[in-house]
Undergrad: 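Pasting a structure here, questions to come.
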Amino acid sequence: MSLLNILQYPDPRLRTVAADVTEFGPDLVRFADDLLETMYAAPGIGLAATQVNVHERIIAVDVSDNADTPHILVNPQFTTHGELLETEEGCLSVPGFYEPVTRAERITVTAQNPMGEALQLEAEGLLAVCIQHECDHLAGKLFVDYISNLKRNRIRKKLERQQKQRA
Ligand code: QAP
Ligand code: CO
């Protein structure tokens with residue numbers, strides 16, 4: 001297993017729209033394990049392939065307290081239900097910043113596992129929010145796209161300054 005490098009906002013590669021996965025099997029199982037390991041090491045509750053510069057539709061999520069309930073979703077699709085829920089969201093690609101985002105409280109997800117088997121998942125609360133956030137990454141979208149231009153520009157400038165200092 002290996003840790004993958006996580007792209008940071010405003011890296012333009014985070015705007016790439018991911019392609020559907022068509023090749024399943026051991027290589028994809030290995031990549032999914034690396035994605036999950038990278039997420040746990042961060043530590044985070046969700047990570048999309050886009051964030052590690054792999055532009056295929058794969059996400060990892062685990063919102064459990066003990067980090068023992070991983071979900072790997074390949075080619076995820078969801079329908080929304082129920083009420084809206086406002087959650088303070090963060091993102092491993094936008095480190096140090098958290099802002100409230102409103103999303104559906106319940107979703108029904110269909111996806112495949114890394115071996116290509118179909119799966120369905122009913123999710124609510126933080127799990128539902130996290131899956132929606134990660135699916136946004138696969139479409140090149142970030143949670144900062146939902147906040148004011150003023151706040152987003154402040155975050156962008158702070159992260160750009162940090163990244164230049166490190167370089
Ligand atoms: C997405 O995000 C999410 O700023 C997953 O310094 C987050 O795992 C969906 C993290 C919250 C819903 C609610 C962020 C770690 C982790 C940071 C994450 C940081 C260190 C974010
Ligand atoms: Co994110």
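Atoms within each ligand, like the ligands themselves, are counted from 1 in listed order.
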Undergrad: Can you list the ligand 1 atoms lying under 4.0 Å from a non-hydrogen atom of G44?
TA: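 Under 4.0 Å from G44, ligand 1 has these atoms: 8 (O).
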Undergrad: Can R30 and D33 be counted as an ion pair, charged N to O under 4.0 angstrom?
TA: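 Here R30 does not pair with D33 in a salt bridge, since their nearest N and O are not under 4.0 Å apart.
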Undergrad: Could you tell me whether the side chains of Q77 and T110 share a donor-acceptor contact shorter than 3.5 Å?
TA: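 No donor-acceptor contact under 3.5 Å links the two side chains.
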Undergrad: Give the cluster check for F143 versus L126: same hydrophobic cluster or not, with ILVMFWY residues linked at side-chain heavy-atom distances below 4.5 Å.
TA: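 No, no single cluster joins them.
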Undergrad: Between OG1 of T69 and CG of L127, what distance do you get to the nearest 0.5 Å?
TA: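 With rounding to 0.5 Å, OG1 (T69) is 9.5 Å from CG (L127).
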Undergrad: Y98 to ligand 1: N or O pair under 3.5 Å?
TA: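 There is such a contact, yes.
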Undergrad: Atom 3 (C) of ligand 1: which of S93, G90, A60, G46 has the nearest heavy atom?
TA: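 Selected option, by shortest heavy-atom distance: G90.
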Undergrad: Judged by modelled atom types alone, do T108 and E122 share a side-chain donor-acceptor pair under 3.5 Å?
TA: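 Yes, a side-chain donor-acceptor pair sits under 3.5 Å.
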Undergrad: When you measure from atom 12 (C) of ligand 1 to each heavy atom in V94, V101, V129, which option holds the nearest one?
TA: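 Shortest heavy-atom distance from atom 12 (C) of ligand 1: V129.
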Undergrad: Short list, please: which atoms of ligand 1 are under 4.0 Å from a heavy atom of E134?
TA: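 Heavy-atom distances to E134 below 4.0 Å select 1 (C), 5 (C).
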Undergrad: Testing K164, K158, R156 one by one against E160 for a salt bridge (charged side-chain N to carboxylate O under 4.0 Å, His left out), which residue passes?
TA: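 Only match with E160 under salt bridge (charged side-chain N to carboxylate O under 4.0 Å, His left out): R156.
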Undergrad: Evaluate C130 for polar contact with ligand 1, using N/O atom pairs at a separation under 3.5 Å.
TA: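 N/O-N/O distance under 3.5 Å: no.
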Undergrad: Assess A42 for proximity to ligand 1: is some non-hydrogen atom of it under 4.0 Å away?
TA: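 Checking ligand 1 against A42, which is what was asked, there is no heavy-atom contact under 4.0 Å.
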Undergrad: Looking only at heavy atoms of F143, does any of them come nearer than 4.0 Å to an atom of ligand 1?
TA: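 Contact absent.
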Undergrad: Under 4.0 Å, heavy atoms only, figure out whether ligand 1 is touched by the backbone of M39, its side chain, both or neither.
TA: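 M39 to ligand 1: no contact under 4.0 Å from either part.
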Undergrad: Does the side chain of Q163 come under 3.5 Å of the side chain of Q8 through a donor N or O and an acceptor N or O?
TA: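 The answer is yes; a qualifying pair exists.
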Undergrad: Can you check whether D68's main-chain N or O pairs, donor with acceptor, with D62's side chain at less than 3.5 Å?
TA: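 Between the backbone of D68 and the side chain of D62 there is a qualifying donor-acceptor contact (under 3.5 Å).
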Undergrad: What protein heavy atom is closest to atom 18 (C) of ligand 1, reported as residue, atom name and distance in Å?
TA: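 Ranking protein heavy atoms by distance from atom 18 (C) of ligand 1, first comes I45 N, 4.0 Å.
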Undergrad: With heavy atoms of L92 as the reference, note each atom of ligand 1 found under 4.0 Å away.
TA: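 Those qualifying, in numeric order: 10 (C), 15 (C), 16 (C), 21 (C).
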Undergrad: Taking distance alone, with N or O pairs closer than 3.5 Å, would you say G96 contacts ligand 1?
TA: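 Yes; at least one N/O pair falls below 3.5 Å.
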Undergrad: If you round to 10 degrees, what value do you get for the angle at the Co ion (ligand 2) between C91 atom SG and H133 atom NE2?
TA: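 Taking the Co ion (ligand 2) as the apex, I get 120° for this pair.
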Undergrad: Taking E99 first and then K151, would you say they form a salt bridge - that is, a charged N and a carboxylate O separated by under 4.0 Å?
TA: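 Here E99 pairs with K151 in a salt bridge, since their nearest N and O are under 4.0 Å apart.
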